[in-house]
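First up is the structure itself, then whatever we jot down about it.
As a basis for the values below, the full set of heavy atoms in this structure was taken, side chains included, without hydrogen atoms, waters or symmetry mates.
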Amino acid sequence: MPRSILKLPRNTVTTHPVDRSPTRKPIRGGSKATTRWPQKVDRDNRAPGSAGERPWRADAPDKGAEGGPTGGRAADQPGKTARPAQPGRAAKTHPPRGIARSTGARAAPPVRAAQDAVGERLPAMLESRLPPVPADPTPPAMVMPEAATAGGRQRGLAKEPPRLSKLVSQLALCSRREADEWIENGWVTVDGVVVTRLGARVSPKAKIEITNAASQHQTASVTIVFNKPIGDAEALDTGLAAIATLIRPDTHWVEDGTCRRLQASHLRGLAVAGKLDTEEHGMVVFTQDGSAARRLTGGGARLENEYHLRVQGELSPDGLQLLRHGLSLDNVRLERAQVSWLSEQQLRFVVYENRKRQIQRQCELVGLQVTDIKRVRIGGVSLGKLPPGQWRYLRPDERF
């Protein structure tokens with residue numbers, strides 16, 4: 001039996017093609033494509049009842065009308081007609097161009113020039129702010145100083161005379177620092193008068209003379225070795241005034257072999273290197289040499305410091321070995337040190353670093369009590385026979 005085939009009738013309804021074009025996202029407030037803006041129409045040549053413009057009244061005030069805000073500005077322009085003013089309404093008055101409406105402050109051009117250009121008086125509020133007109137409009141002549149009018153070369157205020165140190169440095173071809181030292185030492189005369197005040201100003205035409213002692217003087221940084229007595233630690237921390245009380249001509253060691261004389265410039269810029277505590281005494285260094293100061297007090301300083309101690313008490317059996325190496329202070333292991341006996345009650349310590357009361361605390365850990373501590377050497381420079389409270393210059397053969 002043949003199989004029956006079911007045939008469905010064709011759809012006779014006409015279908016429209018599907019628009020598969022991408023949809024646009026709506027614009028907030030309307031789309032520019034759908035919004036129709038009124039077209040600008042020429043007001044003079046427009047057609048009556050044209051679309052896109054609101055009706056125009058014949059009695060509406062125009063900005064360029066006579067008596068309007070602009071004061072007849074549109075009437076002067078060709079091709080534009082002025083509208084009649086609205087009846088029953090006073091015309092607004094505005095300040096001329098260049099005057100602020102709220103504050104009345106003037107801009108360019110000036111107020112009086114603007115008033116003359118406008119040809120009318122300003123309001124009373126603005127007119128009261130105008131500066132008074134001088135009786136004589138001619139500006140006063142500028143009075144120039146005599147220095148500017150005498151030769152006709154210099155202008156402005158008269159310059160101050162130069163400093164004496166500047167003139168000395170130009171005359172002797174030396175530095176300003178050397179010139180200041182020569183002035184302090186009394187080696188410079190101005191018109192036959194000795195001037196020792198720093199910063200003094202003299203006339204460029206003054207006669208300046210320099211003595212022969214200045215030419216023989218060679219400026220160099222000095223280093224001073226001082227034997228500090230017990231209890232003078234505060235004096236070393238109070239600055240140049242306290243140092244000047246220690247470094248004086250009367251405290252200069254008579255056996256100093258450098259044959260140098262103390263000068264005021266030797267105290268300028270002195271730095272204390274290797275300070276000592278109040279209970280310590282001995283060698284202290286004052287220097288003007290920056291490299292020497294860094295070698296003495298820098299973080300990587302590796303100069304030996306030799307101390308002589310007077311102790312009392314009983315030393316533990318292995319105390320001497322512990323003092324040399326093996327002790328710790330504040331959880332920090334100390335570096336090796338050279339420790340030996342000088343006598344029954346004297347110890348010799350050679351360390352690279354001595355923090356505050358470091359040696360005294362080391363001795364306390366091994367059963368000793370320090371009664372006296374003195375520094376006798378720093379690097380290759382020793383204190384020698386220098387008496388307490390006196391000082392000497394560093395010799396040329398000595399170096400830190």
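The shortest non-hydrogen separation linking Tyr352 to Asn305 is O-ND2, 4.1 Å. Annotation for Ala179 and Ser169: closest pair CB-N, 4.3 Å, computed over non-hydrogen atoms. Arg261 approaches His266 most closely through the heavy-atom pair O-CE1, 3.5 Å. Between Gly282 and Leu276, the shortest heavy-atom distance links the atoms N-CD1, 3.8 Å. When all heavy atoms of Val350 and Arg377 are compared, the closest pair comes out as CG1-NH2, 4.0 Å. Between Ser382 and Arg392, the closest heavy-atom pair is O-NH2, 3.3 Å.
Put simply, the side chain of Thr371 gets close to the backbone of Arg310: a donor and an acceptor are under 3.5 Å apart. Checked by atom type and distance alone, the side chain of Gln321 never pairs as donor or acceptor with a backbone atom of Asp318 at under 3.5 Å. Although no hydrogens or angles enter the test, the distance criterion places no donor-acceptor pair under 3.5 Å between the side chain of Thr297 and the main chain of Ala273.
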**OP:** Evaluate the criterion side chain to side chain contact (heavy atoms under 4.5 Å, CB included) for residue pair Tyr307 and Val376; output intermediate values, then yes/no.
**Re:** CA-CA 6 Å; Tyr307 295 85; Val376 298; over 6 Å; no
Original post:
Would Glu160 and Arg201 satisfy salt bridge (charged side-chain N to carboxylate O under 4.0 Å, His left out), going step by step from the backbone distance to the final call?
Top reply: CA-CA 8 Å; Glu160 294 183 350; Arg201 296 181 180 273; 3.4 Å; yes
Original post:
Taking it one step at a time, do Leu315 and Trp341 satisfy side chain to side chain contact (heavy atoms under 4.5 Å, CB included)?
Top reply: CA-CA 12 Å; Leu315 183 64; Trp341 287 101; 3.7 Å; yes
**OP:** Quick one: do Thr258 and Asp256 satisfy side chain to side chain donor-acceptor pair (under 3.5 Å)? Show the steps, please.
**Re:** CA-CA 6 Å; Thr258 57; Asp256 189 359; 3.1 Å; yes
**OP:** Begin from the C-alpha positions of Val222 and Gln263 and carry the test side chain to side chain contact (heavy atoms under 4.5 Å, CB included) through to its verdict.
**Re:** CA-CA 11 Å; Val222 299; Gln263 301 173 6; over 6 Å; no
**OP:** Before giving the answer on side chain to side chain contact (heavy atoms under 4.5 Å, CB included), spell out for Asp289 and Phe400 the whole-Å C-alpha distance, their side-chain angles and the decisive distance to 0.1 Å.
**Re:** CA-CA 11 Å; Asp289 190 359; Phe400 290 106; over 6 Å; no
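Taking OG1 from Thr189 and CD1 from Ile183, the interatomic distance works out to 11.0 Å, rounded to the nearest 0.5 Å. Taking CD of Gln390 as the start and CD1 of Ile247 as the end, the distance is 10.5 Å to the nearest 0.5 Å. If you take CZ on Arg357 and SG on Cys363, they are separated by 10.0 Å, rounding to the nearest 0.5 Å. Atoms CD1 and CG, from Ile359 and Asn354 in turn, are 4.0 Å apart once rounded to the nearest 0.5 Å. Put simply, NZ on Lys228 and CG on Leu383 are 12.0 Å apart, with the number rounded to the nearest 0.5 Å. With rounding to the nearest 0.5 Å, the separation of NE2 in His281 from CD1 in Ile230 is 4.0 Å.
Within the structure, salt bridge (Lys or Arg N to Asp or Glu O under 4.0 Å) contacts touching residues 183-199 (residues at least two apart or in different chains) are Glu184-Arg268.
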Below 3.5 Å, can you tabulate the donor-acceptor pairs from side chains in residues 325-337 to any protein atom, sequence neighbours excluded?
unit_1, atom_1, unit_2, atom_2, d
Asp330, OD1, Arg361, NH2, 3.1
Glu335, OE1, Arg302, NH1, 3.3

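Note on Val311: it does not cluster hydrophobically with Leu342, by side-chain heavy-atom contacts below 4.5 Å among ILVMFWY residues. Note on Leu167 and Val194: separate hydrophobic clusters, where clusters join Ile, Leu, Val, Met, Phe, Trp and Tyr whose side-chain heavy atoms are under 4.5 Å apart, directly or indirectly.
In this structure the side chain of Leu320 reaches within 4.5 angstrom of the side chain of Val339, judged on heavy atoms.
Residue Arg248 places its CZ atom among more than 12 non-hydrogen atoms of other residues, nucleotides or ligands, all under 6.0 Å distant. No more than 12 heavy atoms of other residues, nucleotides or ligands sit less than 6.0 Å from atom CD of Gln345.
Test Leu270, Val272, Leu296, Val381 against Val285 for side-chain contact (heavy atoms from CB on, under 4.5 Å) and you get one pass: Leu296. A side-chain hydrogen bond (donor to acceptor under 3.5 Å, both in side chains) with Glu306 is found for one member of Arg348, Lys374, Arg375 and no other, namely Arg348.
In this view, His252 and Trp391, Tyr393 satisfy the ring-ring contact (aromatic ring centres under 6.0 Å, His included) rule, not counting sequence neighbours.
Between the side chains of Asp372 and His308, not a single donor N or O lies within less than 3.5 Å of an accepting N or O.
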